[in-house]
Amino acid sequence: MTETTTGATRATTPTAIQMSGVTVEFADPLGGTKQVLKGIDLTVPAGQFIALVGKSGCGKTTLLNMVAALVRPTTGTVTVGGETPKAARRNLGFMLARDALLPWRTAQGNVEYGLELRGVPKQERRETARRWLEAVHLGGSERLWPWQLSQGMRQRVALARTWALDPDVLLMDEPFAALDVTTRVAVQEEFLRLWQSEQHKTVIFVTHDLGEAIALADRVVLLGEGRVLYDVEVGLERPRDLQTVAGEPRYQEIYNQLRSSI
Amino acid sequence: MTETTTGATRATTPTAIQMSGVTVEFADPLGGTKQVLKGIDLTVPAGQFIALVGKSGCGKTTLLNMVAALVRPTTGTVTVGGETPKAARRNLGFMLARDALLPWRTAQGNVEYGLELRGVPKQERRETARRWLEAVHLGGSERLWPWQLSQGMRQRVALARTWALDPDVLLMDEPFAALDVTTRVAVQEEFLRLWQSEQHKTVIFVTHDLGEAIALADRVVLLGEGRVLYDVEVGLERPRDLQTVAGEPRYQEIYNQLRSSI
Amino acid sequence: MTRELEEMTITAPDNATPVREPRRDPAETARRKLARRQTTKVRALQALLLVAWIGLWQVTADQEWLDPVLGKSPGQSWDYFVGAIESGELWTNTKATMAAVVVSWVLASLVGAVCGIALGLLPTVERVISPFLDAANAMPRIALAPMFIVAFGIGMTAKVALACTLVFFIVLSGARAGVRSTDSEWLRLSAVLGATKLQLFWKIMLPVATPAIFAGLRLGLIYALLGVVGSELISAKDGLGQLIASYSSLFQMEAVYAILILLAIVAVLLNQLMVTAERWLLRWQAPADV
Amino acid sequence: MTRELEEMTITAPDNATPVREPRRDPAETARRKLARRQTTKVRALQALLLVAWIGLWQVTADQEWLDPVLGKSPGQSWDYFVGAIESGELWTNTKATMAAVVVSWVLASLVGAVCGIALGLLPTVERVISPFLDAANAMPRIALAPMFIVAFGIGMTAKVALACTLVFFIVLSGARAGVRSTDSEWLRLSAVLGATKLQLFWKIMLPVATPAIFAGLRLGLIYALLGVVGSELISAKDGLGQLIASYSSLFQMEAVYAILILLAIVAVLLNQLMVTAERWLLRWQAPADV
Amino acid sequence: ACGGGSGDGGDGDSRKISLGVFPNSILSLPTAVAMGEDFFGEEGLEVERVDAKTGPELIAGMIGGTTQIAGASTGTAFPAMKEGQDLKILPPFQGETKLVIATEKSGITELADLEGKTLAVPARGGDAETYVVQIMEEKGLDPSKITFLAAGGPPTLAAAMANGKADAAVGTTSSAELLEETGTEIEVLASPHDDTAGDRGEQGLSAFYATTADYYEKNADTVDSFCRAMVHTMEFMADEANKDTVVDYLAEWVGLSPEAAERVYELERDGWFTELEESRWQANAGYAGAPDVGFDHVVTGCGQN
Ligand SMILES: Nc1ncnc2c1ncn2[C@@H]1O[C@H](COP(=O)(O)OP(=O)(O)OP(=O)(O)O)[C@@H](O)[C@H]1O
Ligand SMILES: Nc1ncnc2c1ncn2[C@@H]1O[C@H](COP(=O)(O)OP(=O)(O)OP(=O)(O)O)[C@@H](O)[C@H]1O
Ligand SMILES: [Mg+2]
Ligand SMILES: [Mg+2]
């Protein structure tokens, strides 16, 4: 497989995502405003896998939505690959806790959905989709409807859908939260394998699970009350074995640090 | 708290559940029959916490349903507290993966449901329900509807509902499988605390999660192809700390044994 | 507002927190205030629409766009209305119509709900008889009117019977659909807890089917009104439909319009009543949007 | 069978495995065979019911339980039926009715579905105009017949217009309810993937609303038939309703019965067609029970 | 007041009658006059009027027991009797009053012009249709070239005429006046009052009253009282001295202006009679396509003594 440095060591790689002095306010439905992000400065080098953790309501999803151009910063700037988030959308992949599969499309159709919206011709679309379903070990299940898939298979289809667009930047909002423990580990492994198998994509991965954050990411950022409370390089070597990574001392160390600051 | 012996050491305690030579066949919808349980002999002493593990489709739920008088054995006998399962239902508690809360009843109303079916008078019902909601740390949420509760809170209400009937035998079919990791640990702790806080109830606990089985139970039974493949006393001392129990050598030992036989 | 979901029209809070506060807290009362303010806005817009519509009607009458037989002004209708209120004609006939509506709606709803739940519980029976139900439902009620008259006479009973044939099928299909959403886990749990059949019906089946039954009941109420008035139009001793028919045969269309508007008002009020009842009875359902 | 869920009537497989095999495998074909066998049973029972019903009808006629005007035997109806088939009277009138049914159903469904989706997307507009819709829907269509005739003449157009006023509201409320079930995550995802408004409508809104629209379409088809026949009963040049009206005024009830039965058969066939179309279009939905 | 058909075929209070009529029509004018002048009360009858919208409904309501006596016509009573319903026919009888009319703008001036045009009737296959057909055939014209249009009740019919959807129609003298008054200029093509309607116009009956044989047998007295009240009514209407009163009744009942009512009155005043010859009955049975319905259905001498 490819080289496995952590993102942090490549100080010279180009910047994928850049936030400077970002605040986000929402109009409070009862009048007034509520500041959700209170001055975020964050630089994500291209190819880095960054995990975002923090208490519920601390603004993780808001931050992600900002990168996806679903929320505009009140002050400050956000650039994605040097462009505005809106312009950068074509290089963006997005994955959510609930798989968000369209129930009226087969596995194949769901993987094709993004390609279809972008006007990729039918033949190419079909082949790409098939290739990515193979890649997530769902070859042969192309023609099944979402209800015929288990939760783990569904999330793997969502994975294929995201990957089929070949995005430079991947935004994932608790993508595995809805899975039961066994399936979860399997899909995490699948995901890590995909990510490691090619030129690394930049990933922002939101999760509630500290263990998952440390085991998967190059760098863990802890948000709290709209600020970055903690920003740490994981520094565990890749490829990682998810079964055993929890035993490593570095894992335990970061875990305890995060646990105490949360 | 009370004494904390494992069920296995009390060889002289009365038998809660007794199965001898039990087979279960289902009429195959396509004609013919299909043997799901192929001769099960199992004795569960009163007060024992037994975990049932095994691959999907190996008959765990069927076994549980048999004790709950929802399935009748084709051959062999099952007794619960010396009676037929049907007769023993009044001493039975039942808990499922999906909380099975009735959405048209408040938390309080859901806890009262079982009591209501058994004709407990209104005043008593209300008090019992309130007491058990307090016990699962949901005092103050009595009047919320299920949709207003988080998944963890819902499962705690289901726990209270089960406990409110004060059953001698508890049947639990993957009760925590639908919970996310963080909530799961919290509810497991809650459950263990309840179980340990009084005269132990007999528990049959079905789970897919080997770790959960070992951490919670006195005894782990591995089913496979309709037979008991493996039956082991856990022997970890109580009360247990779920955060650290995974570190104990005995835990690792059983885990590996089970893992290899599954 | 910083949030933009440009291409979207539905915006739901994307971090719907699972735990909602109980009703009494300050955020809730503030939310209610907001809701009330919005309601005022809606009412104002509705009033505006109503005025615009009456204006249009007036213009139509003034400009004689319609046949003189049909083209009457709002003022003429209002005059009839005032006169008819004073003479008590409207009141007695409205009473007669509403009595039949209520009776037929209650009766058909009860029977329809019970049959619907039963069919929902017996899928094979349902498969066997559903084409017969479709066939029965496709009978043109006006064509059956002579038979209703012979069987029930000209009066309350005939009206009620005709309206029932509409409402029954509507409520039935609602209830049937409702029962389908029963979760088998609730049944398993109830069985283990020792529920009797009667308890199952009252404590599981009926509440499960309630939302779907309510959808049927709302539509059913409108159709009860349609059925009763339709029956009165064909033959009756009294009722708003009978009034419409006789004024219509006298070409007094201003009276016909006034009565039709009265009917519309009655329908809207009945519907509002149902919405309120529904909101209370189904308060256990998560609101679609908050 | 060893399983007993004594107090339960609905039995669902309690370990519904999430992964279902693709359609082609042997288990699936066996399941289909089973389904076919059950269908045969259902058909047999239906035939039995039909025979029993005709028998009952015959007895009613023989025993003269009904007034002589109403009490006609199945044989008499059959004689009329054969005669009318030969004279071509039934065929031309059925054609006329069905043409109007199809036109009104298609038209009102299209408009109703689009309006329903639009209202579902614009909740404030919906709140404002929904009482007006209720009011309009509560208008007794028979009373409006004179206005329809003035506006559209006596013929196809008037029939279609009247039927449309029924079907429109039914399909509209289905579509409106359907859009409500849109998942906001689909919209978020589509927005990020760069979907245009048109793409959102075709690729998300329409499929989402399809099941509910279909429920409306099915009921709408029955009501299109009711509306057209009702309109023909009041005034028309041709059509089954017009036939019923004239035979009914001559007290030739055997002909009326025969035509009503023909209508019922047409309704059942139309419904069957809809079920088939629905099953195919909604094959992506998990079957309620297998 | 509600509560379905009283259904008391004479078992209840036999001096109470529910009387079914077709309201606001010249055909039911005798009922309006009798009730207005309390001729029923004078005979000790308590009469409740039950309005119906169509002829068949009147018969159906009577068979169902809601009414004991009801207005009837050639087009409704004969088919019912033909289908086996035993009815008794009561006076007064009204001679033919149906006109064949056309709108002025249709350009039709005589019956021959009807070929190829659209003619509105209340319901297909009914009495109005056969009326036109029989007149046309008698005059050697071809009625099969007319497009018959079922237009339902008066307002729909008027609307259809007004906006040209129908060129011609069949209506009573009063409904023709009503059409004129609401702004539709009309041309009379055939009228029973000036021999342009042939045999049918001369012999035809447009209205009478009926009761069921069952009720008649059990309540012969009541029926006779009804007839007596009606005979009295006929005498009252025929009396020149009461002309203004009758015209007022007519104007109010049918909804005409006094002038139009007076014109109608002049045409119709001799149209009512209380005894019927068998030959005329048989002729009408023929018109209605029910030649086997015998004269024994008619109650002769009712209320004459
Ligand atoms: N559209 C909106 N309008 C108003 N307030 C909002 C909106 N979206 C989010 N918020 C508020 O912003 C805060 C942060 O929300 P966000 O969804 O980013 O949290 P999160 O960290 O993703 O939480 P979770 O872990 O529960 O998903 C919350 O208090 C939320 O109520
Ligand atoms: N009512 C039934 N009729 C026919 N077969 C059944 C029935 N219930 C269960 N089975 C079959 O019996 C076998 C065992 O099912 P059971 O539900 O006991 O498995 P399980 O161990 O609980 O599996 P899981 O872990 O997936 O819940 C399965 O193959 C299932 O298909
Ligand atoms: Mg979030
Ligand atoms: Mg199971």
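Just so we're on the same page: letters track the sequence lines, and every chain starts at 1. Nothing here was measured: the structure is a model prediction, and the numbers come from that model.
Counting heavy atoms from C-beta outward, E:Glu83 and D:Met253 have side chains that stay 4.5 Å or more apart.
Of the atoms belonging to D:Tyr247, not a single heavy atom falls under 4.5 Å from chain E. Contact annotation for E:Thr54: neither backbone nor side-chain heavy atoms come within less than 4.5 Å of a heavy atom of chain D. Proximity to chain E (any heavy atom under 4.5 Å) is shown, for D:Glu232, by neither the backbone nor the side chain.
Within a 6.0 Å sphere centred on NZ of D:Lys237, other residues, nucleotides and ligands contribute 12 heavy atoms or fewer. By the neighbour-count criterion of 12 heavy atoms within 6.0 Å, atom CH2 of D:Trp78 is sparsely surrounded, having that number or fewer from other residues, nucleotides or ligands.
Looking only at heavy-atom pairs under 4.5 Å with chain D, the residue among E:Ala166, E:Gly289, E:Pro79 that has the most is E:Pro79. When each of E:Gly126, E:Pro122, E:Gly75, E:Ala80 is checked for heavy-atom pairs under 4.5 Å with chain D, E:Ala80 comes out on top.
Remark: E:Glu57 CD to D:Ser249 OG distance equals 13.0 Å, nearest 0.5 Å. Note that the NZ atom of E:Lys82 and the CZ atom of D:Phe251 stand 12.5 Å from one another [nearest 0.5 Å].
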